[in-house]
Amino acid sequence: MIRQYLYTERAHLMCPNMNFGIVCEVNSPFDENKIRYTISLLVKAHPFLSALLRYEEDTKRYYYNISSDSQVEMIVMNENVTGLYDKLVISEYERLVSTDWNLTCEGMLKIVCWKQENKLCILFVFHHLLADGRAALSLVKEFAEYYVHGNFPESAEEKLISSVDDFPSGSELPFVSKLLVDYANKRWKKENHLVRYGEYHDFANQYLQKDKVIHNTFEYDEETMSTIHSLCKENKVSVNDYLTAKMFEEDKTDKVIIACDLRKQLHCYLQGALGNYSTAFSVRFKGKSSDTMLTAKKVHMQVQNILKNPASLYLILQCYARLTPSLIDAAAISTLGDFDSKAGKFIGTMFFGFENPTGYSITNLGKLESKSIDNAMFIPPASPAIKKIKGILTVNGRMNICVSQR
C-alpha cells in the first residue's frame, strides 16, 4: 500500500477534542469472543485500524504507519445497561475523551461493550484522523452485519485526499482568502517555528482539564418524525433544513455550520475507505421568525446555492490545502496555549475561531434502516471553536440527537 500522508487531515491533528462516538444497540446477545473476532475482521479489511502516527523529519510530514497488529482498544464493561441512552454510556465516552490520545503509541479507535438484555450495546469512539462521521457509521454497520448475520466486511484500500488536484474545477480559493493564506504562510516562514507533537500533546492534556463539554441526548419518535417528514415534503425542504432552522430559532444565533459529505464528488475516494472526505460550510439567517418553515426555506435556498458553487463548498478544504502544514499545527496551541506565534494565532483566530468558541453547528449522518442495529446515536466532536454542536442519526424511523456543548 502507498504510504498515506496527512493532507487536509492535518487540521484534525494538533487540535483538542477531535473525538466523536457512535453508540448502538446490536440485535444479538453479548458474546465477548465473538466481539473480538468481529473486530479482528474489521482490522483485516481496514488498514488504518492497524495504524499509528509517524513523522518524517526530512519532509516534515505526518503519515499513517500501518503495521501487522491491530491498534483497536477494546474495553469490556461489567455493568449492564438499558440502552444507548443509559447514563453509563455518555459517562464512559466522556472519560475516554477527557485526555488527549497520543497517536504515536495508541490507535485511533476505542470500543466499549456492555450487556443489554438480549442485545449488545457497543460504543465506538473515533479520533477524527481515523474517519469522518460517514466512514465511522459505515464501519459500525459492518460490525453489526457480521456480528448478527455473519456478513463479512469488504476490504477497502485507503486513498486520502493528497493534493488540490483532487478538488473539482472552480473550487479555487477566492482572491481575498488567498491573500490571507499567503500572508499567514509568509509570516510563519519568517518566524521559523515548529510545533512538535509531544509539545502539543502536553498542551492538549492541560487544555482538556479545564475545557468541560457536556452532552445532552434526546429522541424524536416515529410519530414525530412522520409529522416532520410530511411538513418538509409539503414545503419542499429537507429534514436537515428544518433542523437547522430550529437551531437558528432556539439558540438565537445568526450562523450555523453544516457538515457535508463529498464522497460522490471526490475521485480519490475508494468505496468503504476510512479517512475524511467531508467539508463544512456556514449558512446565515438574520432577523426574528417564529415560522420554522419560513426559516427552513431560506436555509434550503442557501444550502442549494452553496452545493452548486465549488468555490463555496470547498472553501475550508482549499484553505487547509494551501496553508503551510506546520502552521496548521500551531493554530490551536498558539491561540489556546502559550506557544508564541503570531502567525499561528492569526490562523487560529481568523480561520478556525479558537479564540472565542461561539460557533453553532449541525452534523447529520442521515438515515439507517437495519435489521442488525435496533437503535444508534452519534456523539459529535466538540471542536474548540464550537459552543454547541448537534449530532443527528435516524435509525429505523427514530431520530436520535446528541448535543455537545460548552
Side-chain angles (χ1 to χ4, degrees), residues 19-43 49 70 72-98 107-127 130-131 133-151 153 213-222 363 365-381 390-404:
N19 301 97
F20 63 91
I22 296 178
V23 56
C24 67
E25 301 172 11
V26 180
N27 288 323
S28 190
F30 179 99
D31 182 332
E32 183 175 340
N33 290 333
K34 191 174 181 181
I35 296 168
R36 292 187 184 278
Y37 183 66
T38 306
I39 293 172
S40 74
L41 294 177
L42 292 177
V43 171
L49 296 179
S70 170
V72 178
E73 180 182 348
M74 175 177 158
I75 303 168
V76 177
M77 307 300 284
N78 294 321
E79 306 96 333
N80 290 16
V81 294
T82 56
L84 54 87
Y85 282 95
D86 194 299
K87 64 180 181 180
L88 291 175
V89 175
I90 288 294
S91 177
E92 181 62 13
Y93 174 81
E94 290 177 342
R95 183 189 72 82
L96 287 173
V97 301
S98 63
M108 303 176 198
L109 175 62
K110 302 182 191 298
I111 295 176
V112 189
C113 314
W114 293 269
K115 294 177 182 177
Q116 183 196 337
E117 293 185 355
N118 61 339
K119 300 176 191 174
L120 164 65
C121 184
I122 186 164
L123 168 66
F124 294 73
V125 185
F126 297 82
H127 192 284
L130 176 64
R134 294 278 183 174
L137 181 60
S138 178
L139 190 73
V140 172
K141 287 163 58 179
E142 284 189 313
F143 174 93
E145 283 297 310
Y146 180 82
Y147 192 82
V148 177
H149 298 296
N151 298 330
V213 177
I214 60 173
H215 298 87
N216 294 305
T217 59
F218 53 99
E219 178 188 49
Y220 287 174
D221 60 22
E222 292 180 68
T363 299
L365 298 189
K367 295 189 295 184
L368 172 65
E369 296 292 330
S370 174
K371 294 181 179 179
S372 303
I373 297 172
D374 185 53
N375 207 0
M377 179 170 61
F378 168 51
I379 307 170
K390 281 186 177 180
I392 299 162
L393 177 58
T394 303
V395 181
N396 299 326
R398 292 169 291 177
M399 177 181 284
N400 298 297
I401 299 179
C402 178
V403 180
S404 300

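Along the sequence shown, residues carry numbers from 1.
Taking each heavy atom of Asp221 and Arg398 in turn, the nearest pair found is CA-CG, 4.5 Å. Considering every non-hydrogen atom in both Val89 and Cys121, the closest pair reads CG2-SG, 4.3 Å. Smallest separation of non-hydrogen atoms from Ser404 and His215: OG-CD2, 3.1 Å. Taking all atoms of both residues into account, the shortest heavy-atom contact from Pro380 to Phe20 is C-CB, 4.0 Å.
Taking a 6.0 Å sphere around NZ of Lys34, one finds it holds more than 12 heavy atoms contributed by other residues, nucleotides or ligands. For Glu117, the CD atom counts as loosely surrounded, since its 6.0 Å shell holds 12 or fewer non-hydrogen atoms of other residues, nucleotides or ligands.
Expressed to the nearest 0.5 Å, how far CE of Met74 lies from CG of Leu109 amounts to 12.0 Å. Note: Ile392 CD1 to Phe378 CZ = 9.5 Å, rounded to the nearest 0.5 Å. In this structure, the separation between CG on Leu41 and CD on Glu142 is 10.0 Å, given to the nearest 0.5 Å. Here the straight-line distance linking atom CE of Met108 with atom NE2 of His127 works out to 7.5 Å at 0.5 Å rounding. Note that CG of Leu49 is 11.0 Å distant from OG of Ser40, once rounded to the nearest 0.5 Å. The CZ atom of Phe30 sits 9.0 Å away from atom CG of Asn80, with the distance rounded to the nearest 0.5 Å.
Distance alone, capped at 3.5 Å, places no donor-acceptor pair between the Ser91 side chain and the Leu88 backbone. Remark: side-chain polar atoms of Asp374 are not paired, donor with acceptor, to backbone N or O of Asn27 under 3.5 angstrom. Although no hydrogens or angles enter the test, the distance criterion places a donor-acceptor pair under 3.5 Å between the side chain of Asn396 and the main chain of Ser370. Side-chain atoms of Arg134 come within 3.5 Å of backbone N or O of Leu365 as a donor-acceptor pair. A donor-acceptor pair is defined here as one N or O able to donate and one able to accept, closer than 3.5 Å; such a pair exists between the side chain of Tyr147 and the backbone of Asp31.
By the side-chain hydrogen bond (donor to acceptor under 3.5 Å, both in side chains) test, Asn78 pairs with no residue at all, sequence neighbours left out. Residues satisfying the side-chain hydrogen bond (donor to acceptor under 3.5 Å, both in side chains) test with Lys115, not counting sequence neighbours, are none.
Using a 4.5 Å heavy-atom threshold, the side chains of Arg36 and Val76 count as touching. Side-chain contact check for Leu96 versus Ile75: some heavy-atom pair is nearer than 4.5 Å. Annotation: side chain of Ser28 is not in contact with side chain of Leu120 (no heavy-atom distance under 4.5 Å). Proximity of Phe124 to Leu130: side-chain heavy atoms (C-beta onward) are nowhere separated by under 4.5 Å. In this structure, Lys371 and Val148 have side chains that are not in contact, with every pair of non-hydrogen atoms separated by 4.5 Å or more. Residues Met377 and Leu393 have side chains not in contact (no heavy-atom distance under 4.5 Å, counting atoms from C-beta outward). At least one side-chain heavy atom of Asn19 sits under 4.5 Å from a side-chain heavy atom of Tyr93. No side-chain heavy atom of Cys113 sits under 4.5 Å from any side-chain heavy atom of Glu32.
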Practice problem: Given side-chain contact (heavy atoms from CB on, under 4.5 Å), test Cys24 with Ile122 step by step and report yes or no. | Solution: CA-CA 6 Å; Cys24 67; Ile122 186 164; 3.6 Å; yes
Practice problem: Under the side-chain contact (heavy atoms from CB on, under 4.5 Å) rule, what do Tyr146 and Leu42 come out as? Steps first, then yes or no, please. | Solution: CA-CA 10 Å; Tyr146 180 82; Leu42 292 177; over 6 Å; no
Practice problem: Decide side-chain contact (heavy atoms from CB on, under 4.5 Å) for Glu219 and Asn375; before the verdict, give the C-alpha distance in whole Å, the side-chain angles of both, and the deciding distance to 0.1 Å. | Solution: CA-CA 11 Å; Glu219 178 188 49; Asn375 207 0; 3.8 Å; yes
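Just one residue in the list Val26, Thr38, Asn151, Val140 forms a side chain to side chain contact (heavy atoms under 4.5 Å, CB included) with Glu145, and that residue is Asn151.
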